[in-house]
Amino acid sequence: MSLWWERVAEVLQTSEHLKPFAALFAPPADGPPARPTHLHLHRAKILQGDFALPHTGGMYRIAIEDISSWTIGDLGYSDT
């Protein structure tokens, strides 16, 4: 999870308008690991048919309590 927080801070640092918010995403101080509350995805795409959003992949943070189902299997995607 700390990698996700670091990546968000890096992205915010590149924006003059959002740079002040980067400190809010600094990795939490060391301590006992907490039970995960969110699923963090990096470079993820939402696939619908042969269309993906965002095209280059994005960062998503999803509360585990909001997940009501899963599917596992082969997913395919092609930019061509």
Side-chain angles (χ1 to χ4, degrees):
M1 182 167 90
S2 63
L3 180 61
W4 187 88
W5 287 94
E6 289 174 27
R7 181 67 182 127
V8 171
E10 288 173 10
V11 170
L12 293 174
Q13 281 288 346
T14 64
S15 168
E16 287 303 316
H17 298 291
L18 300 175
K19 188 182 277 188
F21 297 101
L24 297 173
F25 290 89
D30 288 338
R35 184 174 179 169
T37 59
H38 290 77
L39 178 64
H40 296 93
L41 304 175
H42 182 241
R43 297 184 65 199
K45 297 179 182 181
I46 298 171
L47 302 176
Q48 183 172 348
D50 58 354
F51 185 73
L53 287 174
H55 181 69
T56 58
M59 296 176 66
Y60 295 93
R61 185 173 196 240
I62 305 162
I64 291 174
E65 67 183 29
D66 291 339
I67 300 172
S68 61
S69 64
W70 286 89
T71 183
I72 297 182
D74 294 333
L75 293 176
Y77 175 76
S78 174
D79 286 327
T80 59

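All values reported here derive from a predicted model rather than from experimental measurement. In what follows, residues are counted from 1 in the order of the sequence shown.
- Residue T14 comes nearest to V11 through the heavy atom pair OG1-O, 2.6 Å, listed as atom of the first residue, atom of the second, then distance.
- To the nearest 0.5 Å, atoms NZ (K45) and OH (Y60) are separated by 10.0 Å.
- Taking both residues in full, the closest heavy atoms of A22 and Q13 are given as CB-NE2, 3.4 Å, listed atom of the first, atom of the second, then distance.
- Note that CZ of R61 and NE2 of H42 are 15.0 Å apart. Values are rounded to the nearest 0.5 Å.
- Residues passing the side-chain contact (heavy atoms from CB on, under 4.5 Å) test with I67, sequence neighbours excluded: L39, I62, W70.
- Every residue two or more places apart in sequence or in another chain that forms a side chain to side chain donor-acceptor pair (under 3.5 Å) with E10 is listed here: R7.
- Hydrophobic clustering keeps L41 apart from I64 (ILVMFWY residues linked when any side-chain heavy atoms are closer than 4.5 Å, directly or through intermediates).
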